[in-house]
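As a basis for the values below, the full set of heavy atoms in this structure was taken, side chains included, without hydrogen atoms, waters or symmetry mates. Labels below follow one simple rule: chain letters A, B, ... track the order of the sequence lines, proteins then strands, and each chain is numbered from 1.
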Protein chains: 2
Amino acid sequence: MTHILDETDRAILRSLQIDAAQSVDDISAKVHLSRNACWRRIKAMEQSGVITGRVALVDPAKVGAPLTAMVLIRTNAHDAKWMAEFQTTLRSLPEVVGAYRMTGDLDYVLRVRVADVPAYDNFYKRLTSRISVSDISASFVMEEIKDTTAVPL
Amino acid sequence: MTHILDETDRAILRSLQIDAAQSVDDISAKVHLSRNACWRRIKAMEQSGVITGRVALVDPAKVGAPLTAMVLIRTNAHDAKWMAEFQTTLRSLPEVVGAYRMTGDLDYVLRVRVADVPAYDNFYKRLTSRISVSDISASFVMEEIKDTTAVPL
DNA sequence: GGTGAAAGACATCCCAC
DNA sequence: GTGGGATGTCTTTCACC
């Protein structure tokens with residue numbers, strides 16, 4: 001099922017990860033391929049799931065969510081029921097843009113986008129009222145040095 | 001400069017954050033607007049920087065970077081020179097997909113994408129050879145419960 | 001804000017190699 | 001697998017209500 005990618009495929013992906021609005025003509029010129037061969041490779045990678053989609057990126061600061069919090073969570077409930085509830089809760093909260101179950105002494109890390117600190121507090125209350133955690137702490141992002149959707153290739 | 005967004009603009013953004021490949025016709029139907037008015041709004045939001053770009057999303061597991069590490073860094077060097085070097089280093093390392101300066105007792109958090117644990121170790125060595133940090137610890141993502149580029153609207 | 005129309009650019013598919 | 005050419009769809013810009 002997994003497509004084997006050659007250097008040309010990777011070049012196409014690198015280009016599309018930076019800008020998905022460019023035409024197939026432009027990409028084919030960059031990777032030294034005909035419009036057609038290039039188009040077929042892109043379609044194949046969409047089909048095989050290498051390319052999962054194309055999305056528009058929105059400036060969080062300009063739509064009222066300039067603050068990002070990293071939330072570190074420890075829990076003592078590790079049963080399946082608790083985990084299912086926890087996951088459902090996280091998926092239903094739009095402020096949560098990332099949620100990861102971790103190795104080590106951290107159990108979960110969340111990335112949360114909110115308007116300001118009071119909005120985070122409001123989110124915090126909604127989260128903790130729906131699920132029980134033994135330890136939760138938040139750090140706020142002061143500066144985004146790097147934040148990219150581009151996977152290293 | 002900041003565009004004031006009404007509910008229709010937000011509906012357009014919500015749709016484009018999920019799928020940027022759909023035609024203006026489809027979007028205009030969803031938000032109950034003419035093709036033309038819809039197109040003008042999208043262009044205006046691109047112009048004003050609300051929409052920062054359109055990118056293709058690539059499945060990390062299918063291109064050889066299935067492992068994500070969260071790296072927590074503490075430092076005792078807070079001078080401008082060190083910070084500039086640190087930032088340049090992070091930006092030049094493609095494995096680093098996110099780098100954030102934080103509040104609280106964490107100084108920096110990195111999101112790093114690599115092939116496996118040995119690849120992380122290799123990255124770790126390259127990083128620490130180029131910049132000095134007082135404390136660095138990594139946790140690996142076992143499960144991605146949620147990971148979205150969509151800003152809450 | 002809406003309509004319609006017209007230009008060109010573009011994606012898409014079929015063919016031959 | 002590659003490239004060429006035909007076709008229809010979409011974007012983009014116009015003038016106008």
Check: Just wondering, do A/Tyr100 and B/Asp147 contact through their side chains at under 4.5 Å, heavy atoms?
Finding: yes
Margin query: Counting C-beta onward and ignoring hydrogens, is there a side-chain heavy-atom pair between B/Val31 and B/Arg41 closer than 4.5 Å?
Written below: no
Next item on the list: May I ask you to test the A/Gln22-A/Lys30 pair for a side-chain heavy-atom distance under 4.5 Å?
Entry: yes
Check: Which whole-number value in Å describes the distance from A/Ile4 CD1 to D/dG1 C1'?
Finding: 15 Å
Notebook entry, point to check: For A/Arg35, does the CZ atom have more than 12 heavy-atom neighbours from other residues, nucleotides or ligands under 6.0 Å away?
Noted result: no
Checklist line | Length of the CD-P vector between A/Glu46 and C/dA11, whole Å | finding: 11 Å
Checklist line | Exceeds 12 heavy-atom contacts within 6.0 angstrom, atom CZ of A/Phe140 | finding: yes
Note to self: Angle between ring planes, A/Trp82 versus A/Tyr108, binned at 30° and 60°: parallel, tilted or perpendicular?
What the structure shows: tilted
Item checked: Strand DNA chain D as a dot-bracket string - pairs counted if Watson-Crick or G-U with both distances under 3.5 Å, | where the partner lies in another strand -> ||||||||||.||||.|
Item checked: Sorted by number, the residues of residues 26-44 of chain B with heavy-atom contact under 4.0 Å to DNA chain C -> B/Leu33, B/Ser34, B/Asn36, B/Ala37, B/Arg40, B/Arg41
Margin query: Check this for me, if you would: do A/Arg111 and A/Glu144 make a salt bridge, where the nitrogen-to-carboxylate-oxygen distance has to be below 4.0 angstrom?
Written below: no
Notebook entry, point to check: Are A/Val50 and A/Ile42 in one and the same hydrophobic cluster, where Ile, Leu, Val, Met, Phe, Trp and Tyr link if side-chain heavy atoms are under 4.5 Å apart?
Noted result: yes
Notebook entry, point to check: Between atom CD1 in A/Ile12 and atom P in D/dG1, what is the gap in whole Å?
Noted result: 12 Å
